[in-house]
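Some notes on the structure that comes next.
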Protein chains: 2
Amino acid sequence: MQSQSKVRELCRVHGLAATHQRVIIYRAVTARPGHYSPEDVYNLVRRQIPSISLATVYKNLKTFVAHGMLRELHPGAGPLRVDPTLERHHHLVCTRCGAVRDVASSWLVPVRARRPAPRGFRVREFKVDALGLCRKCARKRSPRSRS
Amino acid sequence: MQSQSKVRELCRVHGLAATHQRVIIYRAVTARPGHYSPEDVYNLVRRQIPSISLATVYKNLKTFVAHGMLRELHPGAGPLRVDPTLERHHHLVCTRCGAVRDVASSWLVPVRARRPAPRGFRVREFKVDALGLCRKCARKRSPRSRS
DNA sequence: GTATCTGCAAAAATTTTGCTAGTAT
DNA sequence: ATACTAGCAAAATTTTTGCAGATAC
């Protein structure tokens, strides 16, 4: 978890007013790795600021994402999720239960293109989702073959 | 574009009733590569079946995805999108305008893990998004450096 | 003091659901 | 004949917006 003053400084660096709500929201999201929906964040933050509104949470999450202070995720269906881990990393996405886990970038052989991208596209980074089954779902899948 | 009879056969293979609506929807989505939202598909299909409902489009797109007849996409924010390209491929995602283009899997050096995935996760495939700027947005970005 | 931000409430956008009549097998 | 599906309308969910008052710089 980042200290209040660190968050305030981070806001300043990005030209954002360091409001109380903003500091609390950012600290809540970065308290530990995970993938939070706006609702999740709202519920976390309400413990400390019962009067906060969901709209404020949305606005600030979008602000943080726009300033690169958080990452945006769209792993499966459903609501927006936000990821506090800024270092390059990839995701393990269970196609059965939808769970998403981070995995260090070093897990993969470096991703490289063999040639420039088509149509003048300028690649900045590669984001990899490893689709498959988490242990729990892999177990459920036909304990012995079907029949 | 797939012929009506091909689509009917495909439905049969997957144990789905080959209804008129289903055939029209599937043909519309697979008419050409692209990334369609349910609204898009609805508007395409309404030309041929003015009485069709958006709910029917949603139900059928989800059915197709569940049977592996389409792929589901969540490239950026916003609505569900669906991709008719079933062969392995990756995406170029413009982080400025949100445009998504397909790029052949062979564009990348093969993606491989250096070691088994953590926590018993079973990887089935890697999905790569190349994040960056499309030509149009790259041009807009500071034609000469700022100042 | 001025620009930015919050909270509220309302609206917009997206997706799901239950049900009846209709259709495919 | 039986099971599945379409259309409809309503609800649920997720996200955005406008604005008055409050706060940060």
Side-chain angles (χ1 to χ4, degrees), chain A residues 4-5 7-28 35-43 45-67 69-70 72-82 98, chain B residues 4-5 7-28 35-46 48-67 69-70 72-82 98:
Chain A
Q4 301 225 165
S5 53
V7 177
R8 260 187 264 279
E9 187 187 326
L10 192 55
C11 286
R12 225 175 301 128
V13 167
H14 288 283
L16 299 175
T19 63
H20 184 216
Q21 290 83 341
R22 212 162 255 172
V23 172
I24 299 295
I25 290 171
Y26 195 74
R27 273 162 52 92
H35 307 101
Y36 301 94
S37 69
E39 278 287 327
D40 293 338
V41 178
Y42 178 54
N43 290 323
V45 166
R46 267 203 296 185
R47 298 184 200 156
Q48 292 173 75
I49 314 178
S51 66
I52 203 169
S53 76
L54 182 57
T56 297
V57 172
Y58 266 98
K59 285 172 188 167
N60 281 305
L61 292 180
K62 297 221 125 194
T63 301
F64 292 145
V65 168
H67 285 81
M69 297 164 66
L70 292 178
E72 202 170 356
L73 277 190
H74 302 275
L80 168 67
R81 305 194 93 84
V82 110
Chain B
Q4 301 223 167
S5 54
V7 177
R8 259 187 265 279
E9 188 187 324
L10 192 56
C11 286
R12 226 174 300 128
V13 167
H14 287 282
L16 299 175
T19 63
H20 184 219
Q21 290 83 343
R22 211 162 255 172
V23 172
I24 299 295
I25 290 171
Y26 195 74
R27 271 162 53 92
H35 307 101
Y36 302 94
S37 69
E39 277 287 328
D40 294 338
V41 177
Y42 179 55
N43 289 324
L44 283 171
V45 166
R46 266 205 297 186
Q48 292 174 73
I49 314 179
S51 66
I52 202 169
S53 76
L54 182 57
T56 297
V57 172
Y58 266 98
K59 285 173 190 166
N60 280 305
L61 292 181
K62 297 222 122 193
T63 301
F64 291 145
V65 168
H67 286 80
M69 296 164 66
L70 293 178
E72 202 169 357
L73 277 190
H74 302 274
L80 167 67
R81 305 195 93 85
V82 111

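Worth knowing before you read on, the calculation uses all heavy atoms, side chains too, and leaves out hydrogens, waters and symmetry mates. Here the structure is a predicted model, which means the values were calculated and not measured. Every chain is numbered from 1, with letters handed out A, B, ... down the list of sequences.
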Separation of [X] atom [atom1] from [N] atom [atom2], in whole Å?
{"X": "A:I24", "N": "D:dA24", "atom1": "CD1", "atom2": "P", "result": "12 Å"}
{"X": "B:N43", "N": "C:dT14", "atom1": "CG", "atom2": "P", "result": "12 Å"}
{"X": "B:L61", "N": "D:dA6", "atom1": "CG", "atom2": "P", "result": "11 Å"}
{"X": "A:L54", "N": "D:dT16", "atom1": "CG", "atom2": "C1'", "result": "11 Å"}
{"X": "B:R12", "N": "C:dA24", "atom1": "CZ", "atom2": "P", "result": "13 Å"}

Problem set entry | Donor-acceptor contact present, side-chain B:R22 to main-chain B:A17, <3.5 Å | yes
Exercise. Looking only at atom types and distance, does a side-chain atom of B:T63 sit under 3.5 Å from a main-chain N or O of B:K59, one as donor and one as acceptor?
Worked result: yes
Seminar exercise, completed: Value for CZ (A:R8) from OG1 (A:T19), rounded to nearest 0.5 Å, stands at 9.5 Å
For this session: Calculate, to the nearest 0.5 Å, the distance between atoms CZ and SG belonging to B:F64 and B:C11 respectively.
Result: 5.5 Å
Seminar exercise, completed: On a heavy-atom basis, the closest approach of A:Q4 and A:R27 is N-NH1, 3.4 Å
Problem set entry | Non-hydrogen atoms of A:V7 and A:V23 that approach each other most closely | CG1-CA, 3.9 Å
For this session: Encode nucleotides 2-8 of chain C as B, S and - characters from 5' to 3', where the letter depends on protein heavy atoms closer than 4.0 Å: B to the base, S only to sugar-phosphate, - to neither.
Result: ---SSBB
For this session: Estimate the overall bend of the helix from C:dG1-D:dC25 to C:dT25-D:dA1 from the end axes over five pairs each, rounded to 10 degrees.
Result: 50°
Exercise. Are OP1 or OP2 of D:dT16 and a side-chain N or O of A:Y58 less than 4.0 angstrom apart?
Worked result: no
Problem set entry | B:R46 to B:Y42 six-membered ring, cation-pi geometry met (6.0 Å, 45°) | yes
Problem set entry | Position toward the 5' end of DNA chain C (nearest nucleotide), B:A18 or B:P38 | B:P38
